[in-house]
Amino acid sequence: MSLLSRKISELQERTAKAVQGGGASAIAKQIAMGKLPARERINQLLDPGSFYEYDLFIEHEARGFGMEGKDLAGDGVVIGTGTINGKPVAIYAQDFTVAGGSLGMMHARKITKIMDYALRMRIPLIGINDSGGARIQEGVNSLAGYGEIFFRNTMASGVIPQLSVILGPCAGGAVYSPALTDYVFVVDKISKMFITGPEVIKSVLGEEIDMEALGGARVHSEITGNAHFFANSEAECFTQIKTLLDYIPAHNEARCEKGKVAEPDKKFKIDKIVPVDPTKPYDVRDVIRAVTDSSEFFEVQEMWAANIVIGYGRINGRTVGFVANQPLVLAGVLDCDSSDKAARFIRYCDAFEIPIVTLEDMPGYLPGVDQEHAGVIRHGAKLLYAYSEATVPKVTVILRKAYGGGYIAMNSRHLRADFVFAWPTAEIAVMGPEGAANIIFRKEIMEAEDPDAMRKQKVEEYKQKFANPYVAAAKGYIDSVIEPVDTRKFLIHSLEVSLNKEVKRPKKKHGIPPF
Ligand code: HXC
């Protein structure tokens, strides 16, 4: 055997050993839990044969607790680059079969190396999390590793897309990396995210709670809003990632490529979706599908704060971010969670130069002590801030109700919408006709022989006067009153004329948004 052949077989032997991760029995345990091994995950997500792995032969530096000489293959994390839909990405996947995917110093160094590559090459970063958290035996070195990751997450924020995929436990401080990234993907029964686990809760609070109820995929998709995409299997989750990456640009100075233009599906009849009666609900996603290419809409955070709908579609071949009140849920009111949800999405679209289309139909902010005490003033302000700050093309269509603070907040002209269109069914007023009539005609109603009849008459008078788009149109607050069937046409044109939009803002280090 030649020297070169010997060297090559040594490399092959070392590689074959390193890619075994925690060994056959740990891998079997992983699979029995319904989870794929780390490299298998990467290979399923990336284009076939496109993955190149780095730092395969990294060795851990844990000392004490019997760690010396322990073989932790690749220190429990796989890193590399490859392509998805033909476009480059950087990726890391924690390997739970090696010391529970726990994060030691060298493990963290591998992750930060691939994060640095992603930022330098300006390509999306995908992190697959499956870990018991800070490697307890490595003490402060593992904490330092997390700090280095969090710092890089923050530096990369708004420059490259950062996607976190939770495919196992993500425990303790480890949760803050996903929380700092743009999109969090979870899988039913597999993802578990929590700061303090069941053991700690039991010892401190004496309460028994299982991991699923504490921080399972549904909890983060429906209650906390930490997750953006919920899937029933790892395969479904990978499809969601591919779809998202198809909509968004690779970095903040790239533009989404113009794709094939396709008309919406004729089954979405835009003039039949929205009932004229403002008290009747409908699914605003049907309106979105009536204006997007091929009627495709990729919803974000579908299961949380469903009174507002956010997500991506394409209009005339280009990606657009939609923000739409959802009359199906709580009449589409704005509240703490829906304001947070929309505000963050708007900031994402703005950072990555994705135009925003807002569809408005809501009766205002949700009243009540609960909301006031939950901080609806602070949370609601985030929405005003996000729309005001955004310099991407911003188009609003008022479908029906645009009352009070909600009228201003939902990308009004006053927050610098570029185009505001209203359907003839739009009602733009300080508040709903019933409430308004009760306040301004209170004396007449009280003193009337038949107060109910008088109330009805006054409500009707108010509606005639204010519950229409023409008062706002007369002041130029809306640009055009349009027929519903012309909505796509107006959207295409307004987005096309905004392609070279440029806005100058006062010089500052950064604003102080109501975080
Ligand atoms: C070292 C760990 C580990 C950890 C798991 N392991 N977590 N090793 N440090 N944090 C090891 C286990 O010892 C075990 O090793 C192997 O990984 C598999 O773990 P199991 O417990 O057998 O698996 P499972 O029953 O599936 O339970 C998974 C788990 C549990 C729920 C994640 O391991 C767990 O609760 N781990 C601790 C989670 C936690 O509280 N982490 C927070 C750390 S503090 P062997 O050799 O037996 O196979 C923290 C603060 C960071 O993260 C702050 C940053 C700002």
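Note that the numbering runs from 1 along the sequence shown for the chain. When a ligand or atom number is given, it counts from 1 through the structure's own listing order.
In this structure, Tyr176 has no heavy atom closer than 4.0 Å to ligand 1. Using a 4.0 Å cutoff on heavy atoms, Glu199 does not count as a contact of ligand 1.
For ligand 1, the atoms lying closer than 4.0 Å to a non-hydrogen atom of Lys29 are 22 (O). Interface atoms of ligand 1 facing Gly173, defined by a heavy-atom separation under 4.0 Å, are 49 (C), 50 (C), 51 (C), 52 (O), 53 (C), 54 (C), 55 (C). Of all the atoms in ligand 1, the ones that sit under 4.0 Å from a non-hydrogen atom of Pro169 are 32 (C). Close contacts of ligand 1 with Gln137, meaning ligand atoms under 4.0 Å from a residue heavy atom, involve 1 (C), 9 (N). Residue Phe150 has at least one heavy-atom neighbour below 4.0 Å for each of these atoms of ligand 1: 55 (C). Close approach of ligand 1 to Arg135 (heavy-atom distance below 4.0 Å) involves ligand atoms 1 (C), 9 (N).
Under the 4.0 angstrom criterion, atom 52 (O) of ligand 1 counts as having a protein heavy-atom contact. Note that atom 22 (O) of ligand 1 has protein non-hydrogen atoms nearby, at separations under 4.0 angstrom. Protein heavy atoms are found inside the 4.0 Å sphere centred on atom 41 (N) of ligand 1. Distance check for atom 29 (C) of ligand 1: every protein heavy atom is found at 4.0 Å or beyond. Contact annotation for atom 25 (O) of ligand 1: protein absent (non-hydrogen atoms, distance under 4.0 Å). Within a 4.0 Å radius of atom 9 (N) of ligand 1, the protein contributes one or more non-hydrogen atoms. Under the 4.0 angstrom criterion, atom 14 (C) of ligand 1 counts as lacking any protein heavy-atom contact.
Of the charged side-chain nitrogens involved, none lies within less than 4.0 Å of a carboxylate oxygen, so that Lys35 and Glu234 do not count as a salt-bridged pair. Salt bridge annotation for Lys501-Asp418: present, with a cationic side-chain nitrogen under 4.0 angstrom from a carboxylate oxygen. At a threshold of 4.0 Å, the pair Arg14-Glu10 counts as salt-bridged, since one of the basic side-chain nitrogens sits closer than that to a carboxylate oxygen. Salt bridge Glu53/Arg39: present, at least one basic N to carboxylate O contact under 4.0 Å. We find that Glu299 and Arg285 are joined by a salt bridge, their nearest charged nitrogen and carboxylate oxygen being less than 4.0 Å apart. By the 4.0 Å N-to-carboxylate-O rule, Glu502 lies close enough to Lys504 to be salt-bridged with it. Taking a cutoff of 4.0 Å between a charged side-chain nitrogen and a carboxylate oxygen, Glu296 and Arg289 do not qualify as a salt bridge. A salt bridge is absent between Asp55 and Arg109: the closest approach of a Lys/Arg side-chain nitrogen to an acidic carboxylate oxygen does not fall below 4.0 angstrom.
Counting only non-hydrogen atoms, the option in Phe194, Phe96, Tyr146 that gets closest to atom 18 (C) of ligand 1 is Phe96. In the candidate list Gly132, Cys170, Gly172, Gly132 is nearest to atom 5 (C) of ligand 1, counting heavy atoms.
The minimum heavy-atom distance between Ser164 and Asn129, with the atom names listed, is CB-ND2, 4.3 Å.
Taking distance alone, with nitrogen or oxygen atoms compared against 3.5 Å, Ala134 approaches ligand 1 more closely than that limit. Backbone and side-chain nitrogen or oxygen atoms of Met211 are examined, and none is located within less than 3.5 angstrom of a nitrogen or oxygen of ligand 1. Between Gly100 and ligand 1, an N or O atom pair is found at a separation short of 3.5 Å. By the 3.5 Å distance cut-off applied to N or O atoms, Ile136 is counted among the residues near ligand 1.
Asp361 contributes no side-chain N or O that, together with a main-chain N or O of Leu359, makes up a donor-acceptor pair within less than 3.5 Å.
Figure legend: cation-pi geometry between Arg314 and Tyr247, with NZ or CZ positioned under 6.0 Å from the six-membered ring centre and within 45° of its axis. Judged by a 6.0 Å distance limit and a 45° cone about the ring axis, Lys394 is not positioned over the six-membered ring of Tyr387.
The OG1 atom of Thr154 sits 11.5 Å away from the CD1 atom of Ile149 when rounded to the nearest 0.5 Å.
Applying the ring pair (Phe, Tyr, Trp, His ring centres under 6.0 Å) rule to pairs touching residues 327-360 yields Tyr183-Tyr348, Tyr312-Phe345, Tyr348-Phe352, sequence neighbours excluded.
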Q: Test Lys110 against Asp75 for salt bridge (charged side-chain N to carboxylate O under 4.0 Å, His left out), laying out the working first.
A: CA-CA 9 Å; Lys110 285 179 74 170; Asp75 206 2; over 6 Å; no

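Distance from atom 3 (C) of ligand 1 to its nearest protein heavy atom, with residue and atom name: Ser102 CB, 4.0 Å. Nearest to atom 46 (O) of ligand 1 among the protein's heavy atoms is Lys70 NZ, 4.6 Å.
Of all the heavy atoms of Ala99, the ones lying under 4.0 Å from any atom of ligand 1 belong exclusively to the backbone. Residue contacts with ligand 1 for Met67 are absent, since no atom lies close enough (heavy atoms, distance under 4.0 Å). For Leu143, every heavy-atom contact with ligand 1 shorter than 4.0 Å involves the side chain, none the backbone.
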